[in-house]
2 protein chains.
Amino acid sequence: MELRHARYFVAVAEELNFRRAAERLHLAQPSLSTQIRQLEQDVGVKLLERDSHKVELTPAGRSFLEGCRRLLQDADDFSRTARRIAGGESGPLSIGFVPSLAHGLLPSVLRLFRKRFPDVQLFLNEMDSTAQIEQIAGHRIDLGFIGLGLPKDIPELEIVAVAEERLVAAIPQDHPIAHKSRKAIPLKALADEPFLLGSRVNAPVFNPWIIVLCQQAGFQPLVVQESGQPITVLNYVAAGLGVTILPAQFSRLVTAGVCFIPLARPTPRYRYCTARLRNNHNPALAHFIGIAREVGDLDARKHIL
Amino acid sequence: MELRHARYFVAVAEELNFRRAAERLHLAQPSLSTQIRQLEQDVGVKLLERDSHKVELTPAGRSFLEGCRRLLQDADDFSRTARRIAGGESGPLSIGFVPSLAHGLLPSVLRLFRKRFPDVQLFLNEMDSTAQIEQIAGHRIDLGFIGLGLPKDIPELEIVAVAEERLVAAIPQDHPIAHKSRKAIPLKALADEPFLLGSRVNAPVFNPWIIVLCQQAGFQPLVVQESGQPITVLNYVAAGLGVTILPAQFSRLVTAGVCFIPLARPTPRYRYCTARLRNNHNPALAHFIGIAREVGDLDARKHIL
DNA sequence: TCGGAGCGATAGGTTATAGCTATTACCATT
DNA sequence: AATGGTAATAGCTATAACCTATCGCTCCGA
C-alpha cells in the first residue's frame with residue numbers, strides 16, 4: 001500500500017463515482033479503477049461494492065476510509081511540523097546558563113523568545129561554564145549561555161558575544177573615594193586598595209581577567225581574599241575589608257554600606273556570550289542567539305551605567 | 001510523499017548508514033539515496049545530515065522519524081482492522097428484534113455471540129417487525145430478528161429460520177381438559193373453547209396463523225377477544241374467559257390459575273427468523289445468523305415441552 | 001422494445017520512474 | 001600514499017502507473 005492508494009480511495013469513497021473521482025485527481029478513470037483494485041488486493045479486502053450503476057462502501061471500506069483520511073492528515077501534519085522545526089519555529093532547544101545570568105539577561109531573552117517562537121520547547125539548565133562545554137560537546141544541550149568567554153579556545157565551539165556591560169567598583173561607603181564623587185573613576189584609582197574577589201571555582205575566567213585589567217591599568221592588585229558568592233563579597237566590602245569589581249548589573253543589589261562606582265578610562269566591558277557547536281544545525285539556535293543579541297543591546301543601553 | 005519514502009527513511013534513520021539500510025530493504029544503495037533525496041525535496045526539509053563518514057538526523061528529521069513510524073504503524077493497524085471487519089470479526093452490527101424475543105432466545109444468542117466475536121459492536125433496537133422491514137430496507141439496521149415470518153414476501157429480503165418452538169395451549173386451571181392430563185393434546189381438543197388472542201398490532205402474523213392452524217385441524221375457532229399483551233391474555237385465561245395458544249417459552253411465565261398443555265398431533269411449531277437484505281454483505285451478519293441457528297437448536301431441545 | 005446515456009472493467013500501448021550496475025568523490029585511518 | 005569505508009552520480013533497464021479506445025452492463029426514456 002502507498003499513500004497514493006489512500007488518496008485515490010478517499011476520492012472514490014467521497015464521490016462514490018469513479019469517473020468524477022478520477023477527474024478530481026486529474027487522472028483517467030481506468031487508471032483509478034486499476035489502482036483501487038490493486039489496493040483491495042493488497043489489503044486483501046473488498047472495500048467497494050460496485051456494479052455498473054452504483055458504487056458503495058463495504059463495512060470494511062467505511063472503516064478503511066477513516067483510516068486513510070487520518071493517514072493523509074497525519075502525513076500532512078508532521079511534514080508541516082518538520083518544516084517548522086527546520087525553520088526554527090518549532091521543536092526542542094536545550095540551553096545551559098551560568099547562575100549569574102538567571103536574574104540578569106536571561107529572563108528578558110526568554111520573554112522575547114517565547115513571544116516570537118512560542119512553539120519552540122525550551123529546556124533550561126543552570127550549570128557552570130565547564131559543565132556547559134561538556135554537555136554541548138556531548139550534544140546534551142544545544143546552547144551555552146556564559147559570561148565573558150571560556151578558559152580555553154575550542155575550535156568546534158562558536159562563541160558569540162551577545163551583550164556587554166560596564167564594570168563597577170564596589171567600595172565601602174565610608175571610604176574616601178566613595179565620598180569624592182559618584183562619577184566614574186579610572187581603574188587605577190583602586191591601585192592601593194585591598195581586593196576581594198569571588199570564589200575561583202565560580203569565576204574561573206572573571207577573576208584572572210580582572211587581574212589582567214589591573215595590570216593593563218598599570219598596577220598589580222593586592223588580592224586579599226578569593227572566595228564566596230558575589231553577595232557575600234559585597235558584605236565583606238560593606239564591612240570595610242576591601243573593594244571589589246563586578247559587572248554593572250550587581251549594582252542593582254542595593255547593599256547597605258556599599259557604594260557602586262562605574263569604572264572608566266579605559267572603560268572595561270564585561271561580555272556575555274553564547275556557545276554552540278559549529279555543526280549543531282538546530283535552526284532554533286540561530287533564532288535564540290539573534291534574540292539574545294537583540295535583547296543584549298537593549299540591556300546594554302538600559303543597564304550599563 | 002509515499003509510504004515507500006517513510007519505510008526507507010525509517011530504515012536509514014535506524015541504521016544511520018545507507019548501505020546497511022539498503023540491504024535491510026533488499027535494495028541497492030544508490031536507489032535508497034535517490035529516494036531519500038526525493039523525500040527531502042518533497043517535504044522541503046533536510047532530514048539527514050550526511051557526509052562521507054557519518055549520517056545523523058537533523059532535529060526536523062528526528063520529529064519526522066516519529067511521524068513516519070506512527071504512519072506506518074497506523075496504516076498497518078487499520079488494514080488489519082479492515083480485514084477483521086471483512087472477516088466479520090470486528091465492526092458494527094445493528095440488530096432489530098421484536099419485544100417477545102427480548103426475554104427468550106435473544107439473550108442466549110447475544111451471550112454466545114459476544115463470546116465468539118467480542119470485537120463486533122452490537123447495536124440493539126427493540127421494534128416491531130414492520131419497523132424492522134423499513135429499517136432493513138433503509139440500511140438503518142443490518143438484521144431483523146422476528147417471529148414466524150413477515151406479512152408479505154419481499155424478494156430483497158432473505159428470511160432464515162433460526163429456531164423453532166412447540167406451541168402450548170393455556171387453559172384455566174379448573175377446566176376439565178386441564179384436569180385430565182398434563183400430556184400433549186391435539187389442537188382439535190380446543191375446538192369448542194372460546195379463544196382469546198393478543199392484540200392484532202402486536203401479532204399481525206401470529207394471530208392469523210393460529211386461525212389457519214385451527215382450520216387445518218378441522219374447526220373454526222371462536223375468537224372472543226383479540227387485544228392486549230400476552231401476559232394480559234394469560235390473566236384473562238386465569239379468569240376463565242377462554243383459552244389461548246402461545247409459543248412454549250411463555251409457559252415459563254408461571255401464572256396462577258393457568259395450566260399450560262403442549263399441543264401435538266400434528267405438532268405445530270412456531271418459528272423465529274432473521275431477516276436481512278440480500279445485498280447487505282456485512283460479514284458479521286452471517287456469523288450472527290449462524291450463532292442464532294446454533295443457539296436456536298439448543299433452545300429448541302431445552303425449552304420445547 | 002429499442003436505442004442512448006452513463007457506469008466500471010478490460011486491452012494494449014506509452015511513459016515515467018524506481019531500481020539496477022558501475023563508477024566517482026570524499027574522508028578517515030593505516 | 002594507499003586502503004577501505006562512505007554517500008553521490010551517471011546511465012541503463014524494467015516495472016508499473018498511466019493513457020486511449022473499447023467493451024459490457026444497467027437503467028431509462030422514447
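Here is the naming used below: chain letters follow the sequence lines, and residue numbers restart at 1 for every chain. Quick caveat: nothing in here was measured; it's all calculated off a predicted structure.
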Side chain of B:P30, heavy atoms from C-beta onward: which of D:dC19, C:dT21, D:dT6 has the nearest atom to it? C:dT21
Just verifying a value: how many Å separate B:Q73 CD and B:C68 SG, rounded to the nearest 0.5 Å? 13.0 Å
Could you give me the CA-CA distance, side-chain angles and deciding distance for A:R19 and A:E23, then say whether salt bridge (Lys or Arg N to Asp or Glu O under 4.0 Å) is met? CA-CA 6 Å; A:R19 185 186 49 74; A:E23 264 172 36; 3.2 Å; yes
Separation of atom CZ in A:R20 from atom P in C:dG6, rounded to whole Å: 12 Å
Here the gap from B:L143 atom CG to B:L93 atom CG, rounded to the nearest 0.5 Å, amounts to 6.5 Å
Between the base of D:dT26 and the side chain of A:H53, is there a donor and acceptor pair under 3.5 angstrom? yes
CG/B:L110 to CG/B:L105 distance, rounded to the nearest 0.5 angstrom? 9.0 Å
Just how large is the angle between the end axes of the helix from C:dT1-D:dA30 to C:dT30-D:dA1, five pairs per end, to 10 degrees? 10°
With a cut-off of less than 4.0 Å, is there a side-chain N or O of B:S31 near OP1 or OP2 of C:dC20? yes
Using whole Å, report how far CG of A:L32 lies from P of C:dG8. 9 Å
Below 4.0 angstrom from OP1 or OP2 of C:dC7, is there any side-chain N or O of A:R50? no
Without swapping roles, check the side chain of B:E89 against the backbone of B:D119 for a donor-acceptor pair under 3.5 Å. no
Determine yes or no for a side-chain-to-main-chain donor-acceptor pair under 3.5 angstrom, with A:R293 supplying the side chain and A:V162 the backbone. no
Within residues 34-48 of chain B, the residues having a heavy atom closer than 4.0 Å to DNA chain C are B:Q35, B:Q38
Please figure out whether A:L27 or A:D51 has its closest DNA chain D nucleotide nearer the 5' end. A:L27
Using whole Å, what does the distance between atom C1' of nucleotide D:dA7 and atom CG of B:N17 come to? 9 Å
Whether B:R19 contacts D:dG5 is assessed here as follows: a side-chain N or O lying under 4.0 Å from the phosphate OP1 or OP2. Is that the case? no
Can you identify which nucleotide, out of C:dG8, C:dT21, D:dC18, has its nearest atom closest to the A:Q29 side chain? C:dG8
Kindly state which residues belonging to residues 5-14 of chain A come within less than 4.0 angstrom of DNA chain C, counting heavy atoms of the residue only, listed by number. none
Nearest 0.5 angstrom please: A:F78 CZ to B:R69 CZ, how far? 11.5 Å
Would you call B:R7 and A:E2 a salt bridge, using N to O less than 4.0 angstrom? yes
Mind checking the CG-CG spacing from B:L65 to B:L47? Nearest 0.5 Å is all I need. 9.5 Å
Rounded to whole Å, how long is the line connecting atom CG of B:L25 with atom C1' of C:dA18? 13 Å
Atom NE2 of A:H26 and atom C1' of D:dC19: how far apart are they, to the nearest Å? 16 Å
Presence of salt bridge, B:R70 and B:D74, under 4.0 angstrom: no
Could you tell me how the ring of A:Y272 sits relative to the ring of A:Y270: parallel (under 30°), tilted (30 to 60°) or perpendicular (over 60°)? perpendicular
When you measure from the side-chain N and O atoms of B:S33 to the phosphate of D:dA8, is any distance below 4.0 Å, counting only OP1 and OP2? yes
Let me see the working for B:E40 and B:R50 under salt bridge (Lys or Arg N to Asp or Glu O under 4.0 Å), right down to the final yes or no. CA-CA 13 Å; B:E40 288 181 324; B:R50 44 204 187 276; 2.9 Å; yes
What is the distance from CD of B:E2 to P of C:dA18, rounded to the nearest Å? 9 Å
Rounded to the nearest angstrom, tell me the gap between atom CD in A:E15 and atom P in C:dG8. 11 Å
Can you measure A:E49 atom CD to C:dA9 atom P for me and round it to whole angstrom units? 11 Å
